[in-house]
Trainee: 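Below is one structure. I have some questions about it.
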Amino acid sequence: MSISFIITIFLIGFVGSFLSGMMGIGGAIVKYPMLLFIPALLGFTAFSPHDVSGITAVEVFFASLSGVLAYRKSNLIVKPLVLYMGISVLVGSVIGGAGSSLLSESTVNIVYGVLAVMAAIMMFIPKKGLDDMPIDEITFNRYVASGAAFIVGLAAGIVGAGGAFILVPVMLVILKIPTRVTIATSLAITLLSSVGSATGKIFTGQVPYGPALVMIVASIIAAPIGVKASRRVNTKVLQGILAVLIMASAVKIWWDIF
């Protein structure tokens with residue numbers, strides 16, 4: 001790998017992981033298209049979709065881990081919610097991945113696209129008073145949390161994509177979790193759900209280790225910086241950025257379908 005190629009990959013990983021730490025998402029919704037198109041546009045050897053999915057699967061694990069470690073002393077991670085939603089999304093993704101061969105690709109993409117649109121719409125629903133709720137007063141319906149996470153995991157596993165950007169509005173709107181707590185907790189859930197996908201990609205030989213290592217280094221540096229930025233940004237601004245990212249993801253999914 002040339003120095004210019006390494007710098008390009010590092011910057012892609014840095015931007016995606018910064019957003020991951022700041023927004024509580026895995027960051028793959030930003031990194032995937034950047035890795036797929038930017039190196040080729042700059043004249044480097046293009047990555048295949050399999051290469052990109054392998055790199056992002058491994059890198060998202062480290063980005064999420066770095067973000068969670070940065071949040072560990074903040075008291076913003078609701079551990080029971082991580083347990084219920086993390087296990088459910090992991091089980092759902094495993095079942096979805098195993099059963100994906102039974103459905104047509106177009107059917108799978110449409111299901112995921114519908115979920116993405118629903119997530120985008122939810123981000124524009126007013127969330128009055130939630131962010132003023134003390135951490136120790138947060139409650140949630142564990143059945144709704146588990147069920148929603150399982151459905152998202154199922155769809156994400158079938159498509160082979162991350163579902164964190166759908167889980168965030170579910171936590172904000174349906175479970176009524178405050179914004180900063182949602183961001184920290186969703187990172188921990190993403191960490192759990194990324195274990196299976198990263199392991200699968202590694203054992204099936206779908207990870208180009210050189211570029212993946214560069215992205216991992218970028219994520220370890222950038223995710224904690226994103227966490228610090230998240231603490232200083234007004235929650236309304238955070239919700240606005242999240243809404244734009246989720247809307248962009250929904251548009252991309254439907255663009256790919258058609």
Side-chain angles (χ1 to χ4, degrees), residues 1-70 89-90 93-94 97 100 105 109 112 156-165 186-229 245 248-249 252-253 255-256:
M1 295 189 298
S2 66
I3 296 297
S4 55
F5 182 65
I6 291 173
I7 292 173
T8 300
I9 301 302
F10 180 87
L11 290 175
I12 291 172
F14 191 95
V15 171
S17 297
F18 176 83
L19 290 172
S20 174
M22 187 176 182
M23 298 288 108
I25 55 179
I29 58 172
V30 177
K31 297 168 202 167
Y32 189 96
M34 289 175 74
L35 275 174
L36 199 59
F37 298 118
I38 290 177
L41 286 173
L42 295 178
F44 301 112
T45 302
F47 290 117
S48 71
H50 281 294
D51 290 337
V52 173
S53 63
I55 293 169
T56 53
V58 173
E59 193 270 341
V60 161
F61 170 81
F62 285 94
S64 303
L65 178 61
S66 299
V68 169
L69 291 175
V89 77
L90 183 57
S93 64
V94 170
S100 58
E105 184 176 340
N109 288 337
Y112 199 65
I158 290 172
V159 179
F165 74 98
S186 65
L187 267 179
I189 295 169
T190 301
L191 175 61
L192 267 183
S193 64
S194 68
V195 172
S197 57
T199 302
K201 295 293 184 183
I202 290 171
F203 281 103
T204 53
Q206 297 184 58
V207 181
Y209 289 105
L213 182 59
V214 175
M215 293 279 285
I216 288 168
V217 171
S219 70
I220 292 172
I221 296 171
I225 297 174
V227 169
K228 290 181 180 178
L245 285 175
S249 301
K252 180 187 178 299
I253 290 167
W255 180 271
D256 292 342

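Here the structure is a predicted model, which is why all the values come from computation and not from measurement.
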Trainee: In Å, rounded to the nearest 0.5 Å, how long is the span from CZ of F10 to CD1 of I216?
Mentor: 12.5 Å
Trainee: When you compare the side chain of V89 with that of L192, does any pair of heavy atoms fall below 4.5 Å?
Mentor: no
Trainee: I'd like to check P39 versus I12 (side-chain heavy atoms, cut-off strictly below 4.5 Å). Are they in contact?
Mentor: yes
Trainee: Taking atom CD1 as the centre, does I3 end up with more than 12 heavy-atom neighbours from other residues, nucleotides or ligands that are less than 6.0 angstrom away?
Mentor: no
Trainee: So which heavy atom on A212 is nearest to which on V207, and how close?
Mentor: CB-CG1, 3.8 Å
Trainee: To the nearest 0.5 Å, what is the distance between CD1 (I9) and CG (L213)?
Mentor: 12.0 Å
Trainee: Minimum heavy-atom separation for I55 to P211, with atom names?
Mentor: CD1-CB, 3.8 Å
Trainee: Going by ring-ring contact (aromatic ring centres under 6.0 Å, His included), name the residues that satisfy it together with F44, two or more places apart in sequence or in a different chain.
Mentor: F5
Trainee: Does any N or O in the side chain of S17 come within less than 3.5 Å of the main-chain N or O of S20, such that one atom is a donor and the other an acceptor?
Mentor: no
Trainee: Taking all atoms of both residues into account, what is the closest heavy-atom pair of F14 and A218, and its distance?
Mentor: N-CB, 3.6 Å
Trainee: Can you measure from CG (L42) to CZ (F37) and round to the nearest 0.5 angstrom?
Mentor: 13.5 Å
Trainee: Rounded to the nearest 0.5 Å, how far apart are NZ of K31 and CG of L35?
Mentor: 9.0 Å
Trainee: Between CD1 of I6 and CE of M215, what distance do you get to the nearest 0.5 Å?
Mentor: 13.5 Å
Trainee: Which distance, rounded to the nearest 0.5 Å, do you find between the CD1 of I220 and the CD of E59?
Mentor: 9.5 Å
Trainee: Heavy atoms, side chains only, cut-off 4.5 Å: are L69 and P224 in contact?
Mentor: no
